[in-house]
Each structure stands twice: as C-alpha cells, then as structure tokens.
Asks: 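One structure, pasted below without further comment.
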Amino acid sequence: MAFLDASFTMLNDWVRERNPSKIFILVDENTHTHCLPLFLGNLETTAPFEILEIEAGEEMKNITSATMLWEILLEYEADRNAILVNLGGGVVTDLGGFVASTYKRGIDFLQIPTSLLAMVDASIGGKTGIDLGGAKNMVGTFTLPKGVFVHPDFLQTLPHQELMSGFAEMLKHGLIADALHWKTLVTISELNYENLAPLISDSVHIKKAIVERDPTEKGERKLLNFGHTIGHAIESLHLINEQPILHGFAVAMGMYWEAKLANNAHILPNEDFAEIQNQLVKFYPFIQEMNYTLEMLLPFMKQDKKNDAKGIGFVALESIGRANYHWNLSEEELKLLWK
C-alpha cells in the first residue's frame, strides 16, 4: 500500500504496531547524506537499528551487492521479525526489496522512496530485482512491501536531472492510461518541487490501480512497460560500456521510439505521434540527437522478459491515454518498422 506521509505519522504508527526486533535501513551514499538525517529525525521507535550503505548507481544493483547485504544481515543476526527499510531511489528499493524477499525466505520490508522515479514507479507494485550480465532486472521476485511511505519533501534534495528522470515515468502513466494526466503534465513550465509534488498522487494511483488488477504481470500490468523494451536496451548498452545513464532518460528515448514504431505500423495516429514527439523533445531535447542503431540495441532487446515465441514484446500505443500490451514483433517486422 502506498501512502502520502508528509509528517511520518503513518510510518511511525506502522512501526509501533509491528514492533520489529531490529530495523535495518538501506541507503546509498547520496541518501545517507541528504535523506537519512530527516528520516532518523522523524522516526519514533525504541527498536535497535543499523544503517547499511551501498555506493550510488545502477551498477550496484547486482548479485555481489545482494550477497554482501545478505551476509551483513546474517552477521547482525537479523531474524524473521526484523524489517528492512529501503530509503532511496529505484536502485535501493529494487535491490533492498530483492534482498528482503529472499533472506530467510522473506522478511518484511518498507519502501521509503526519495527520488521522483521511486515515488511514482519503482517503489510501487512489488517488483524487486537485480541486473545480470548487463541485462536489466533479470533476477527478482514479485513481493509486495508492507508499506510504501511517500514523503514529498525528499524531492527538494534532488538535482534537476533526477526530477527529469522521474518525470518520464509520470508521462508514461498518462500515455498508457490517462490522457488528462498527460495533458496536465505537459503544461508544466518548469520541473521543480512546487510543480511536481501535487501531481505525484495521480501517478501513484494510476500505477497502483493497474498493479492491483494484475499483480504478477500476466496481462494489463504489461502496459507499464511502455518505453522500456527499447529504454532498457539503451540503458543496458550504456552499462556494458561503463557509461550509465539515468533510467528515466532511457525510458524517455524508449517511449519516443516505441511511439514511432506504433505510428509506422499505423496503430498510433499521426496527430497523436506528433504531439508525443513535440512534448518529449520539449522536456528531453537530447532525443533529437539519438544515434542508436537497431543493430546496437537488438541483442539487449532479445533478452527482454516480455518476449515470447512470437517475437520481441512491445506495448503498442493506440492513442494518448490508451495502449495495447499484445504486440510482439519478429526481427524482420522490427527492421521494417525501424525507420
């Protein structure tokens, strides 16, 4: 369950009721500096706690980091009544959720997202995971946290690029499910805390509703992967080349290309594609400078979890606010549409 918890009241009530044997708080080096003091200053508990810190960055979301955290939990004698609090962005919530869901076959965990991306997307829905061999989220579980507590003031600690990254996922929610949300978002003149904070709950509710109808991604939840088949391929390419980029930047480029594929396939009308193109380029001007070829991205796209015997899995945008997740393309079909 996701809660907007500006005063930490609901979090403290939950911890008091749960009465854990010990609290482990996972942070990265950035959230340790910028977010942990605010969190600890508002946490009300008599339970002992330990701080677990990892380096920042997608490259830390791997089996080595998971093993290190499992071993630390074991060393500190974490029992099944302990809880893991993941205080951070998408890497921390993905990795921490995976570690908690597998340690001793599962201990309770909370997600306290500190980035816009984590608030509207990564921390919601129970997907946990790590990367494998440069492929995004290849190993993981569907395990719901005991709670997601969204404290919007953490946005004030973020650099502008992180707001841009999270905003891409908000735009995605509008494109796949809510044209009014899209129209509201694209009228924003500046991506800042004041403009974005009031719109977080709308994005959270869109994702939460989809996840509740399809918790293990057998059908409708696949819509949330719009932009991610190509976006994850771009992200993986950069990881392999040791030049990581922000997830939301890759998703923004992926949404542009996947909308273009749907337009080339005569699924998405020209006028809708033109609007999507104009708005994405307005917020992410680097889209105009993309120089990825299909040959560069195809090896990573072939590893995508949505693929099946029919081909590579995509979400076909049919209009702004409506999409179809039943769209698999063979390599030959993809080559014809990639223009």
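Hydrogens, waters and symmetry mates are skipped; everything else that's a heavy atom, side chains included, is used. No experiment lies behind these values; they were computed from the predicted model shown.
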Asks: Taking only residues two or more places apart in sequence, or in another chain, which ones meet T9 in a side chain to side chain donor-acceptor pair (under 3.5 Å)?
Replies: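 If we apply the side chain to side chain donor-acceptor pair (under 3.5 Å) test to T9, skipping adjacent residues, the hits are S7.
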Asks: Distance from L224 atom CG to E217 atom CD, nearest 0.5 Å?
Replies: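 Taking CG in L224 and CD in E217, the distance rounds to 7.5 Å.
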Asks: Quick one, E295 and L298 - any side-chain contact, counting heavy atoms below 4.5 Å?
Replies: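 Side chain of E295 against side chain of L298, heavy atoms only: no contact under 4.5 Å found.
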Asks: Within the structure provided, determine whether Y103 and L69 are in side-chain contact (heavy-atom separation under 4.5 Å).
Replies: no
Asks: Can you tell me which residue pairs pass the salt bridge (Lys or Arg N to Asp or Glu O under 4.0 Å) test with a partner in residues 308-320, sequence neighbours excluded?
Replies: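 Salt bridge (Lys or Arg N to Asp or Glu O under 4.0 Å) check on residues 308-320 returns E318-R322.
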Asks: Could you work out, with ring pair (Phe, Tyr, Trp, His ring centres under 6.0 Å) as the rule, every residue matching H181, not counting sequence neighbours?
Replies: none
Asks: For residues M301 and N307, report the shortest heavy-atom separation together with the two atoms involved.
Replies: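 Nearest heavy atoms, M301 then N307: O-ND2, 2.9 Å.
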Asks: Might you work through the ring pair (Phe, Tyr, Trp, His ring centres under 6.0 Å) test for F283 and F167, ending with a clear yes or no?
Replies: CA-CA 9 Å; F283 291 108; F167 188 64; 4.9 Å; yes
Asks: For E194, I'd like to know if atom CD has over 12 heavy atoms of other residues, nucleotides or ligands within 6.0 Å.
Replies: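 Yes, CD of E194 has more than 12 neighbouring heavy atoms, counting only those of other groups under 6.0 Å.
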Asks: Report, as yes or no, whether the 6.0 Å neighbourhood of atom CD on E271 holds more than 12 heavy atoms from other residues, nucleotides or ligands.
Replies: yes
Asks: Taking side chain to side chain donor-acceptor pair (under 3.5 Å) as the definition, give me every residue that meets it alongside T143, ordered by chain and number, with sequence neighbours left out.
Replies: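 Listed in chain order: T141.
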Asks: Is there a side-chain contact between V15 and P20, using heavy atoms and a 4.5 Å cut-off?
Replies: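 Answer yes - side chains close enough.
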Asks: Dump the intermediate steps for salt bridge (charged side-chain N to carboxylate O under 4.0 Å, His left out) on E332 and K335, then the final yes or no.
Replies: CA-CA 5 Å; E332 292 72 23; K335 288 173 183 176; 5.7 Å; no
Asks: Measure centre to centre between the rings of F8 and H151, then say whether the value is under 6.0 Å.
Replies: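 Judged by ring-centre distance (under 6.0 Å), F8 and H151 do meet the cut-off.
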Asks: Heavy-atom count around H266 NE2 within 6.0 Å, excluding the residue itself: above 12?
Replies: no
Asks: Considering residues at least two apart in sequence or located in another chain, which fulfil the salt bridge (Lys or Arg N to Asp or Glu O under 4.0 Å) criterion with D28?
Replies: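 Once residues adjacent in sequence are excluded, D28 has no partner under the salt bridge (Lys or Arg N to Asp or Glu O under 4.0 Å) criterion.
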Asks: Just checking E29: does its CD atom have more than 12 heavy atoms from other residues, nucleotides or ligands closer to it than 6.0 angstrom?
Replies: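 More than 12 within 6.0 Å, yes.
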Asks: Measuring from N81:CG to I107:CD1, what's the distance to the nearest 0.5 Å?
Replies: 10.0 Å
Asks: Not counting sequence neighbours, which residues clear side-chain contact (heavy atoms from CB on, under 4.5 Å) with A262? List them please.
Replies: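 Partners of A262 by the side-chain contact (heavy atoms from CB on, under 4.5 Å) criterion, ordered by chain and then number, come out as I267, L268, W327.
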Asks: Mind checking what makes ring pair (Phe, Tyr, Trp, His ring centres under 6.0 Å) contact with F249, not counting sequence neighbours?
Replies: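 Partners of F249 under the ring pair (Phe, Tyr, Trp, His ring centres under 6.0 Å) test: F286.
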Asks: Once ring pair (Phe, Tyr, Trp, His ring centres under 6.0 Å) is applied, do any residues pair with W338, and if so which ones, sequence neighbours excluded?
Replies: W257
Asks: Return yes when atom NZ of K218 has more than 12 non-hydrogen atoms of other residues, nucleotides or ligands closer than 6.0 Å, and no otherwise.
Replies: no
Asks: List the residues meeting side chain to side chain donor-acceptor pair (under 3.5 Å) with E331, not counting sequence neighbours, and say none if there are none.
Replies: K302
Asks: With sequence neighbours left out, what residues match E169 under side chain to side chain donor-acceptor pair (under 3.5 Å)?
Replies: K172, H228, H247
Asks: Taking the side chain as everything from C-beta on, heavy atoms only, tell me whether L297 gets closer than 4.5 Å to I234.
Replies: yes
Asks: Residues in ring pair (Phe, Tyr, Trp, His ring centres under 6.0 Å) with F109, at least two apart?
Replies: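 F109 satisfies ring pair (Phe, Tyr, Trp, His ring centres under 6.0 Å) with no residue once adjacent residues are dropped.
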Asks: How would you list, by chain and number, every residue that makes a side-chain contact (heavy atoms from CB on, under 4.5 Å) with L336, sequence neighbours excluded?
Replies: none
Asks: For the residue pair T128 / D94, report whether a side-chain donor-acceptor contact shorter than 3.5 Å exists.
Replies: no
